[in-house]
Structures are given as C-alpha cells and as structure tokens.
Amino acid sequence: MDDQDWLVHRFEERRSQLTAVAYRMLGSRSDAGDAVQETWLRLSRTDTNDVDNLSAWLTTVVARVCLDMLRQRAARREEPLGVHLPDPIVEPWPADDQPEDQTVLADAVGLALLVVLDTLTPAERLAFVLHDMFAVPFDRIAVLLERSPAAAKMLASRARRRVHGTPVPDADLIRQREVVDAFFAAARSGDFGALVEVLAPDVVLRGDGGAARPNVSRVLRGAREVAKQAVMFAQLAPFVRPALVNNAAGAIVVHNGRMVTVLAFTVVHDKIAALDVFADPDRLAALD
C-alpha cells in the first residue's frame, strides 16, 4: 500500500464520524457531504508527516469548514423565510421490528434538537456540537474560534441553555412505533379524543413545505390544535409507510412510487411531544 492508498484508507475509516460532525453542524445532508469532501481535499494537499493525531486533525478541519459554511449562510441569508426543517435521515423500518445497530440509535440526533441548533450562532453551534456531542476539549475549540478557552466554554454554556428542554425520545423504539401507530389509527377513525390522548399537552407540530407548498409551512402548539389536523393525517394514512427518521419511529408518505412527505415523531413518556412534517418536494427529491 503506497502513501496515497494509506491516506485514503485512513480517511474512509473516519468518514462516518466526520459526516456525523458535519450533519450536526449544518443540518443538511448535502452540505455535510460537501464539507466532508472539502476535508478530504485539504487532507490530500497536506503533508501528514507532521500530524500527530490524524483523527483529531480531521475533526478540526471539518469543523472549520462547517463554521465557514455557517457564517457564509448567515451572511447571504440563504435560509428561506418561514418554517425550515433540517434534512431528515430516512431509513426503512426494520422488517423484524428490531434496529440492527443499537449503538447508532444511542448516538442519534433528532430533528427536534437540530431545529434548536439552527437557532444558535455559528460559534455557539460549533462549541456545543464539538464539546457536548464529540468531547472535543475547549482548548482545541478555542483555536478554531480564535478565542480563549474560557470564551469557548461560555459559548457552549450559552448554547446548552438554549438546548435545555428539547424533548429526548424514549429509548424503547418498539414502544415509539406503537404510539405512532395509535396516532394514525385515531386519525383514520376521526377519534378526536384518542388523538388528544396520544399527544403531549404541549406538543409542537412544525411543517415545512418549502416554496412549492407554503400551505404546509406552519407551527402549531398544543394537543387540541394539533389534533384538529386529523383530517389531513386521515387523508395521508392510506399512503403511510413506517420508517426510521433520524433513528426514531417515523413515517413516510409514498404516492405513485414517490416519497412525498416525511413525518418525524418525538415520543416522550409514551406521548408525542413533537411532530415534524417535511414536505418540500425539491428537498425530498434529493432524499428519495
């Protein structure tokens, strides 16, 4: 194996980790892929003889690339007005109702958390993601941000306060599925009381239809307000297929062989605490 093959091998060993960092930083699968590719390009142009810890070096580089992308995104104000959900990660529901990799599930990041991360400044997001999610020490984060370790710690603390209270899904994936199935059963039957019962009192529904479906873009709060959308969910029910969405129980709506909606549920204490409806056709086409 020559030096280039060795470098490719070492990078591929760390690709999934780098993608995880980039996705949490950017909330976009395509942008995360671009950030990881840019990291490879920088690695391929670098003399690694002076790199003591390649894994740490790669994490630092991908974080710097993501930070630059976040700053450029903010400067261009490129995010659309209204509700904007991060890209969901959609996978088929396991045929035997058992996730294949419990480690992946334990390391999952839900859409509800990504929505909150989108409200942070680029510096806050980097400090929180690197330290709280990937255990990067503050002295390394400080170098990236060109601030002191104390200032980096302050940024992470500020972000942590914003993130505090974000609903964390129950660990039992099968029980999550049962709650989601009960939601659709109540919607199909038009049982308003049963819908309210399966929803948390302070449930939040976020819909993102993009520019093509502005009628879907909305935020609703409270069990009764969300339950009033039962007609919409009843219409979708015949086309609903179970799925893993960000490694939690979710659903996709398939019509004429195409995925037209992704529904991400956050089930907490056997109640649906958040429901994110992703229906932007342009972005769905990239996921399908």
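Atoms considered below: every heavy atom in the structure, side chains included; atoms not considered: hydrogens, waters and symmetry mates.
Applying the ring-ring contact (aromatic ring centres under 6.0 Å, His included) rule to W40 yields the partners F11; only residues at least two apart in sequence or on another chain are considered.
Both V163 and L70 belong to a common hydrophobic cluster when Ile, Leu, Val, Met, Phe, Trp and Tyr are linked at side-chain heavy-atom distances under 4.5 angstrom. There is no path of hydrophobic side-chain contacts, each under 4.5 Å, that joins V226 to V268. In this structure, I272 is not a member of the same hydrophobic cluster as V168, with clusters built from ILVMFWY side-chain heavy atoms closer than 4.5 Å.
Of the N and O atoms on the side chains of R64 and T60, not one donor lies less than 3.5 Å from an acceptor on the other residue. Judged purely by distance below 3.5 Å, without hydrogens or angles, the side chains of S30 and S28 pair a donor atom with an acceptor atom.
S217 contributes a side-chain N or O that, together with a main-chain N or O of G209, makes up a donor-acceptor pair within less than 3.5 Å. Although no hydrogens or angles enter the test, the distance criterion places a donor-acceptor pair under 3.5 Å between the side chain of T59 and the main chain of S55. Counting only distance, with no hydrogens or angles, the side chain of R125 and the backbone of R24 share a donor-acceptor pair below 3.5 Å. With T121 contributing its side chain and E124 its backbone, the two residues share a donor-acceptor pair below 3.5 Å. A donor-acceptor contact shorter than 3.5 Å is absent between the side chain of D31 and the backbone of L26.
Heavy-atom neighbours of N53 CG from other residues, nucleotides or ligands within 6.0 Å: above the threshold of 12.
Ion pair R175/D170 not flagged as a salt bridge, since none of the NZ, NE, NH1 or NH2 atoms sits closer than 4.0 Å to an Asp/Glu carboxylate oxygen. In this structure, D208 does not pair ionically with R213, as no charged nitrogen and carboxylate oxygen lie closer than 4.0 Å.
For the pair V203 and A274, the tightest heavy-atom approach, listed with the atom from each and the gap, is CG2-N, 4.0 Å. When all heavy atoms of R147 and A151 are compared, the closest pair comes out as CB-CB, 3.9 Å.
Within the 4.5 Å cutoff, the side chain of R10 has no heavy atoms near those of the L43 side chain. Contact of the R218 side chain with the R206 side chain is not registered, since no non-hydrogen atoms from C-beta on lie closer than 4.5 Å. Between K228 and L220, every side-chain heavy-atom pair lies at or beyond the 4.5 Å cut-off. Counting heavy atoms from C-beta outward, T119 and V116 have side chains that approach closer than 4.5 Å. A heavy-atom distance below 4.5 Å is found between the side chains of V115 and P86.
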Residues 183-195 side chain polar contacts: donor-acceptor under 3.5 Å, at least two apart:
residue : atom : partner : partner atom : Å
S189    : OG   : A185    : O            : 3.2
S189    : OG   : A186    : O            : 3.2
D191    : OD1  : G193    : N            : 3.3
D191    : OD1  : A194    : N            : 3.0

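Remark: R160 CZ to H131 NE2 distance equals 6.5 Å, nearest 0.5 Å. In this structure, CG in L199 is found 11.0 Å from CZ in R224, a value given to the nearest 0.5 Å. One distance of note links CG of L111 with OG1 of T166; it measures 12.0 Å at 0.5 Å rounding.
Counting only residues at least two apart or in different chains, ring-ring contact (aromatic ring centres under 6.0 Å, His included) contacts with residues 158-180 are absent.
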